[in-house]
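Order of the sequence lines sets the chain letters (A, B, ...), proteins ahead of strands, with each chain counted from 1. Scope of the values below: all heavy atoms of this structure, side chains included, with no hydrogens, waters or symmetry mates.
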Amino acid sequence: MNYNFREIEAKWQKYWANNETFKASNNSDRPKFYALSMFPYPSGAGLHVGHPLGYIATDIYARYKRHKGFNVLHPMGYDSFGLPAEQYAIQTGQHPAITTETNIKRYREQLDQLGFSFDWSREVRTSDPKYYKWTQWVFIQLFNSWYNKKSDKAEAIADLVSIFEREGNAAVEATSDDDTPTFSAEDWTSFSEKTKQELLLKYRLTYLADTEVNWCPALGTVLANDEIVNGVSERGGHLVIRKKMTQWSMRITAYAQRLLDGLDTIDWPLPLKDSQTNWIGRSEGASAIFNVIPNKGEESQHQIEVFTTRPDTIFGASFMTLAPEHDLVAQITTPEQKEAVETYVEATAKRSERDRMADVKTISGAFTGAYAEHPFTKEPVPIWIGDYVLAGYGTGAVMSVPCGDQRDYDFAKHFNIPIPNIFEGIDISEEAFADKEKTIIANSDFLDGLPYKKAVKRAIFELEQLGQGEGKINYRLRDAVFSRQRYWGEPFPVYYVDGMPQMIADEHLPLELPEVEKYLPTETGEPPLGNATVWAWDIKQSSVVSNQLIDNKTVFPLELNTMPGWAGSSQYFNRYMDPHNDEAIYSKEAIDYWEDVDLYIGGSEHATGHLLYSRFWQKFLFDVGIAPKDEFAKKLINQGMITGTSAFVIRLVVNITKKWEEGKPLDNRTIAQIKPIDRNTFISNDLITVPIKIRAVRENISHLFSDEDRVYLDKEKYNINFNDIELIHTDVSFVNASDELDIEGFKKWQPEYKDAKFIKSDGKYIVRREIEKMSKSKYNVVNPDAICEEYGADSLRLYEMFLGPLEQSKPWNTAGITGVHSFLKKLWKLYTTIDEGSEPSAENLKTLHKTIKKVEEDIENFSFNTSVSTFMICVNELTAQKCTSKAILEPLAILVSPYAPHIAEELWEKLGYSTSIAEASFPKFEEKYLIESSKEYPISFNGKMRFTMELPLDMGKDDIEAAVMANERTQAQLQGRTPKKVIVVPGKIVNIVG
RNA sequence: GCCUCGGUGGCGGAAUUGGUAGACGCGCCGGAUUCAAAAUCCGGUUCUGCAAGGAGUGUGGGUUCGAUUCCCACCCGAGGUACCA
């Protein structure tokens, strides 16, 4: 009987579903193992071959751990809130819930087809009200908490209120807004309820604040930096302005240090840790206060606070630079400089932040006319503004030390500002000197002669003495904006009384998304929820009621923003532990049993989004006693991206220009006469690369033009330029393994190519190929369905692993799949006759145990590609040995089962078992079968292997040397020379030097 | 610029602590089987050379009896990040 994978795979997928083979129990005597893949966003395009890569790896590991006797939790779900469904809704009016449901169905079919050992009874969907009830609940917990720096953890806001009542806020050390005023207990009790609420918002871990955003009035929405191109929206090219908006923020900055420290306790890839470290961006330095010298006739005394990592260079500060948006700019600018400054500020406002950051070459700025007093020298220091200083970072102001910072140096050079040298023995005529190690400070009063570290300490000390500064640790990390002006996200459980946010009580959650007519922002610029007519909170009934009932006495308006994409994914890994619990986010028993994720596999693109926010939420949940671990995943692996091999047809852009005739300049009529470019001719890629062939094309192209056009091919009169080509993506399904285009298929593909003409080479049209990210818009997506249909899921699983190391990105190429498929056929054949009683030969046992050892090591090291090779070698050897012994074939089936579970189950059944192979024990490796008595010694000369010699393994060093020297091939190599030295490493190698 | 990862046959890749470079698979070449094809099986396949031999893991150095592996400098590619003070 042949290997009928279609029948086998369908049979076992059904069996696993019916028997709930992979259902995990929340209590077990066996040790627990939690294996998790990052859950997908169910897009309309379905799964492509890149998605399953990580899932297969996790699945292999999960199945392996089951064989090893673990109680394995291996769940899957959907990150089902998101923008694509909403955009589709805007275009078609279709409710996002409906498209999402359809997409999930398709994902489920595709996932089921691949034979994953998921416990589907635990599926979660972030857009399910039963799930987002708990997302809202966590939000409320954050709202009801503040960060106590003394205990270094989150605490209840009620406790903070009692501190305020007792002693005011002077002694409170909390992470709070910068503008938090100091107040006494008496002040607090005298404050109105609204003032109290306002003050508490400055402490809450989620709070309302005015945040600067990229607002696009035409789209009625906020755009991300990468949605803006050249100052206008990527979609539609509309104007984008920077605007302050009141939005929910998460006080993640409270956790900056702990997020940094926690990285040392988890086994995550170094690049990922590095990018989180950079994102948090801790820098040690000092803050320094510069007093602004009042302009003539002014009374006011302004101060500028700067943060610097180099307080040791303070005597080198020859100017200050403020961000153009800095609050003081308007106040300190002198009348003479007003125009220049305003022009510059205006110009800066038009540039996106990304623009300003990316452009290192253009140096621009303006002088405010004002001066600050240097804290130590008391000399006046000119105050400039420059767009290289960002308002959002630090204090939005820097003390500029041109001799020690290249950007300051370039700025000073450009504007002819003096560059005082404060480094001993350093030439700064060409560039700034930023090497801290070699620094010896000079021309700096009390800092003279000090090295970097000592100078920093001393400078901070002196600043503190003056009362004009202190040592400070600064973080680049910003509080995370948590509001989105979208429909398809979690509603905030928030209503407003007198403009102050109030939380809906836990027992009334979830607050479900309202129905709306349109998914666009309202005409007045409110988020889509502003379209809802039943979206007000009745505190008496504790329910959502019509907006018309809003009286601000018992019925209040609800929040119109929704939560961002990362809200739902920030605690889903915990929810899987107890996914159907309606009483709590999860039971204590469940999380005390599963604790944390043992293995988490997913893409590195989530390094600073999902993975940083999740760690933040986990630490918070830990602080408030809801999670037992303050890191949620012990080990994390980033699977590499599977890239696509895009195919391009090359459109000739034939520029035809009339040759200039002497004495007759081209008039407009002649230019108009020049024929437009031929837009419909495609040239084979191999012709493009060779200039000589281009000429051949030029001579052979005339037949492609109509008679009318042919005149333009007259070389005497016209210049024809073939150099311009356009690459156009074509669907990879029209291209075969030799890069040859199916011309008829291409012509039918899209109407504009119906009459396309092709310049072929040897009768073929060859496409250009390039490796790119796999994406629908690049027409390079390869779908797993077709591969499953043709070769089966087991082949696909093996092949995805066989492609290369898990972490590395690699291009998809279906060509090699026949290799793993024929391996499965050979494996199948091996089980044609199973000999119950036959004793395995020594050879059989050696092959088997070699394989057990290697495969076990490979799985533990996540080196799945090499185990596939090992299986191939094993099956090749056993086939050659004509092995039929059950004692060999049975453990082999278990070894293969994590990788190719369907065929393994079927073989298991053939071996006489009536239960699933999933729980069978992993075979035990026994060294004794691998012990050899002799070894093929490589005999090398000066490190180069020349031949091998079989010698007993128990032979001593001297005997080996004697045997090797006596060999005639040794003598032939030496050609009469006497070796200088003979290195013998018993069991390894012989090296003859000389 | 900085950080991280990578560079090995025609291709994907292998090489456990420094010890036989190119396992395994694809492709290609040759052969068997077949009326033919598919499928299957056998042999070959880093380069150079008729061969003996020689060269060879991005480049140049170094350490070592011996380097894909360790060290130094550089080149190239990918990803991330940024006037971060």
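In this structure, of B/rG19, B/rU4, B/rC41, it is B/rG19 that holds the atom nearest to the side chain of A/Ile989. The side chain of A/Thr308 approaches B/rA85 more closely than any other nucleotide in the set B/rG19, B/rA85, B/rG25. Distances from the side chain of A/Ser869 to the nucleotides B/rA23, B/rU20, B/rC5 place B/rA23 closest. Looking at the side chain of A/Gln808, the nearest of the listed nucleotides B/rA39, B/rG6, B/rC26 is B/rG6. Considering only side-chain atoms of A/Pro938, the nucleotide from B/rG25, B/rG19, B/rU20 that sits closest is B/rU20. For A/Phe802, counting side-chain heavy atoms from C-beta on, the closest listed nucleotide (B/rU40, B/rG12, B/rA23) is B/rG12.
Using a 4.0 Å heavy-atom distance criterion, A/Asn991 is classed as a base contact. As judged by a 4.0 angstrom heavy-atom cut-off over every strand, A/Lys853 is placed among residues making no nucleic acid contact. A/Pro805 comes within 4.0 angstrom of the backbone, heavy atoms only, and of no base. At the heavy-atom level, A/Thr818 lies under 4.0 Å from the strands shown only through sugar-phosphate atoms.
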Just do the side chain to side chain contact (heavy atoms under 4.5 Å, CB included) check on A/Leu892 and A/Tyr831 with the steps written out, would you?
CA-CA 11 Å; A/Leu892 177 61; A/Tyr831 289 74; 3.6 Å; yes
Step by step, would you call A/Tyr937 with A/Met955 a side chain to side chain contact (heavy atoms under 4.5 Å, CB included)?
CA-CA 12 Å; A/Tyr937 274 93; A/Met955 200 182 219; 6.0 Å; no
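Taking atom NZ on A/Lys850 and atom C1' on B/rA23, their separation rounds to 11 Å, with Å as the unit. Taking atom CE of A/Met945 as the reference point, atom C1' of B/rU20 lies 4 Å away to the nearest angstrom. Between A/Arg478 atom CZ and B/rA82 atom C1' the separation is 15 Å, expressed in whole Å. In this structure, A/Phe941 places its CZ atom 11 Å from P of B/rG54, rounding to the nearest Å. The nearest whole Å value for the distance from the CD1 atom in A/Ile280 to the P atom in B/rG80 is 19 Å. We find that CD of A/Glu305 is positioned 16 Å from P of B/rA85, with the value rounded to whole Å. If you measure from atom CZ of A/Phe925 to atom C1' of B/rU16, you get 13 Å, rounded to the nearest angstrom. Between A/Asn278 atom CG and B/rA82 atom C1' the separation is 10 Å, expressed in whole Å.
Between B/rA73 and B/rG56, the distance separating the two C1' atoms is 23 Å to the nearest Å. Here, B/rG18 and B/rC70 have their P atoms 8 Å apart, quoted to the whole Å. B/rU46 and B/rG27 have their C1' atoms separated by 15 Å, with the value rounded to a whole Å. Distance check on atom P: B/rU20 versus B/rU68 gives 10 Å, rounded to whole Å. For B/rA39 and B/rC29, the P atoms lie 15 Å apart once the distance is rounded to whole Å. Nucleotides B/rA23 and B/rU16 place their P atoms 15 Å apart, quoted to the nearest Å. To the nearest whole angstrom, the two C1' atoms, one in B/rG10 and one in B/rC47, are 13 Å apart. Comparing the same atom, C1', in B/rU4 and in B/rG9 gives a spacing of 28 Å after rounding to whole Å.
Taking a pair as Watson-Crick or G-U wobble with both distances under 3.5 Å, RNA chain B forms stems of 3 or more consecutive pairs at B:1-7 with B:75-81, B:10-12 with B:24-26, B:27-32 with B:40-45, B:46-48 with B:53-55, B:58-62 with B:70-74.
Minimum interatomic distance between A/Ala459 and A/Phe376 (heavy atoms only, all atoms of both residues): O-CZ, 4.2 Å. In plain terms, the two heavy atoms of A/Asp408 and A/Ser400 that are nearest each other are OD2-CA, 3.3 Å. For the pair A/Pro375 and A/Phe290, the tightest heavy-atom approach, listed with the atom from each and the gap, is CD-CE2, 3.5 Å. Nearest heavy-atom pair, A/Met801 versus A/Leu53, reported as atom, atom and distance to 0.1 Å: CE-O, 3.5 Å. Nearest heavy atoms, A/Ile601 versus A/Gln639: CG2-OE1, 4.0 Å.
Ring-plane geometry between A/Phe5 and A/Tyr3 is classed as tilted, the angle between the planes lying from 30 to 60 degrees on a 0 to 90 degree scale.
Each of A/Val398 and A/Ile817 was assigned the nucleotide of RNA chain B with the nearest heavy atom; the assignment lying further toward the 5' end belongs to A/Ile817.
Residue A/Arg310 forms a side chain to side chain donor-acceptor pair (under 3.5 Å) with just one option from A/Thr308, A/Asp312, A/Thr313, and that option is A/Asp312.
The aromatic ring centres of A/His821 and A/Tyr799 sit 6.0 Å or more apart. The distance between the ring centers of A/Phe411 and A/Phe319 falls below 6.0 angstrom.
Side-chain nitrogen and oxygen atoms of A/Arg946 include none within less than 4.0 Å of the OP1 or OP2 phosphate oxygen of B/rG53. Proximity of A/Asn2 to the phosphate of B/rA39: no side-chain N or O atom is located under 4.0 Å from OP1 or OP2.
Within residues 855-866 of chain A, the residues approaching RNA chain B are A/Glu857, A/Asn865, A/Thr866, by heavy-atom distance under 4.0 Å.
No salt bridge links A/Lys472 with A/Glu470; every basic N to acidic carboxylate O contact stays at or beyond 4.0 Å.
Regarding the sugar-base torsion, B/rG27 falls in the anti class, its angle being beyond 90° of 0.
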